[in-house]
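Reading through the structure tokens given below for one structure.
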There are 2 protein chains.
Amino acid sequence: MERELLLLGLLRQGAMHGYQLHDFIERNLAFCTDLKKPTAYALLDKMQANGWVVVREAREGNRPYKRVYSLTPAGEEAFQRLLRENLGAFIAAKTGSDIGLAFIDVLPKAEALQLLNQRRAAVSAQLAEFEAVPQHQGSYQLLIDHQLHYLRSELQWLDEVIAHIRSRRHVLRRHGERM
Amino acid sequence: MERELLLLGLLRQGAMHGYQLHDFIERNLAFCTDLKKPTAYALLDKMQANGWVVVREAREGNRPYKRVYSLTPAGEEAFQRLLRENLGAFIAAKTGSDIGLAFIDVLPKAEALQLLNQRRAAVSAQLAEFEAVPQHQGSYQLLIDHQLHYLRSELQWLDEVIAHIRSRRHVLRRHGERM
DNA sequence: TCTTGAATAGTCAAAGTTGACTAGTCAAAA
DNA sequence: TTTTGACTAGTCAACTTTGACTATTCAAGA
């Protein structure tokens, strides 16, 4: 749903190839969304079937043909609708990263702490990466700011978890656990 | 990857039907992971092929047969490996909820604010829901606490965004935009 | 000049995911 | 008692996603 919105929003700024769309997303929005090349083309096909985009087969010189996608009025309408739908709603993110926490009692305290510190380093590294991104103008900066806010919040939570585990008595052995 | 970990972790606490596994996840962990019934069975089939679980066809009375899954030693090994892998790494969550923000400039300021306030209400409602969950014992509480932490952080960020948009000059009209 | 590697553009078969279904059991209301 | 609705248990065809390809162009270095 949001991937359609994204493709429409990009096409709104001008006609593009499927390849360019995918490439832009991969380079700039990989932290937000996940859109592999074949999926991008599949969505574009569907959007074409919906009448949201039209394709023009173009060739420059004798290079192999390329398909250039551009927005139709129906596509603009869809964009407007999807944008409002997206902004007005909130869908909580789901990492699978939490699942392990549900079973952390299985591990000896020392190993649990070692692994969580390793995880903390990973969060920290991602945070440093985003802190190094130069300021952008426009609403793209919002996305970066959100990611920064999210990563800082995760880091803070992880620190709380580590402190909590550290303060606990040594965990008892359980069924099926290696010593 | 984390869904296998989850299934293995649950089966570790005792043999179960595919249906019970799915049902438990749906009821208690829907905020963390997403595992539809047919996907659960597909994963169990794969795990069986891996030798991580075994199936016993059982019937009680003359009710139709049921398949009871249980962990093998190889499954326990896989669980231990996946658990360490999961805890030691961090994979940032991806909502698609952010995509809309990238295009918020398209909307008139007033409408943008109205939609963001609607979104804020949605976050607030989810937060209230989780604040109402009674305290659990054990590491399940960690998952709840994480969700609370996450939702509070999102709410705070949204408030910053709303304040930021509010403080901005009225947005200029752009290409393709309805008046 | 020729080769190599990166970038551009897209495809395909295989794998994963899911909405909608079947089918039996059970408890309670009509 | 029989109908209704919820619960248990699982399946299937359709749809979506993806890893791994093909094939051309282009620039740089050997």
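Just so it is clear: chains get the letters A, B, ... in the order the sequence lines come, proteins before strands, and each one is counted from 1.
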Nearest whole Å is fine: how far is [N] [atom2] from [X] [atom1]?
X: B:Asn50; N: C:dA15; atom1: CG; atom2: P; result: 14 Å
X: A:Met16; N: C:dT8; atom1: CE; atom2: P; result: 13 Å
X: A:Arg56; N: C:dA9; atom1: CZ; atom2: P; result: 13 Å
X: A:His17; N: D:dT25; atom1: NE2; atom2: P; result: 15 Å
X: B:Gln48; N: D:dG10; atom1: CD; atom2: P; result: 12 Å
X: A:Phe24; N: C:dA9; atom1: CZ; atom2: P; result: 16 Å
X: B:Asp45; N: C:dT17; atom1: CG; atom2: C1'; result: 14 Å
X: B:Glu26; N: C:dT17; atom1: CD; atom2: P; result: 15 Å

In B/S/- notation (B base, S sugar-phosphate only, - none; protein heavy atoms under 4.0 Å), nucleotides 12-21 of chain D written 5' to 3' is B---SSBB--

Are OP1 or OP2 of D:dT8 and a side-chain N or O of B:Tyr19 less than 4.0 angstrom apart?
yes

Any side-chain N or O of B:Arg27 less than 4.0 Å from the OP1 or OP2 oxygen of D:dC7?
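So the side chain of B:Arg27 is outside the cut-off, no N or O lying under 4.0 Å from OP1 or OP2 of D:dC7.
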
By salt bridge (Lys or Arg N to Asp or Glu O under 4.0 Å) - contacts of B:Arg3 (at least two apart):
none

Applying salt bridge (Lys or Arg N to Asp or Glu O under 4.0 Å) between B:Asp159 and each of B:Arg152, B:Arg120, B:Arg119, report the one that passes.
B:Arg120

Does the plane of the ring in B:Tyr41 sit parallel, tilted or perpendicular to the ring in B:Tyr69? Use 30° and 60° as the thresholds.
tilted

Determine the interplanar angle of the A:His149 and B:Trp157 rings, folded into 0 to 90°, and report it as parallel if under 30°, tilted if 30 to 60°, perpendicular if over 60°.
tilted

Of all pairs that satisfy salt bridge (charged side-chain N to carboxylate O under 4.0 Å, His left out), the ones with a partner from residues 137-150 of chain B, not counting sequence neighbours
none

Of the listed D:dT11, C:dG10, C:dA9, the closest approach to the A:Lys66 side chain comes from C:dA9

Which atoms form the tightest heavy-atom contact between B:Phe90 and A:Ala122, and what is the distance?
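B:Phe90 and A:Ala122 have their closest heavy atoms at CB-CB, 4.0 Å.
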
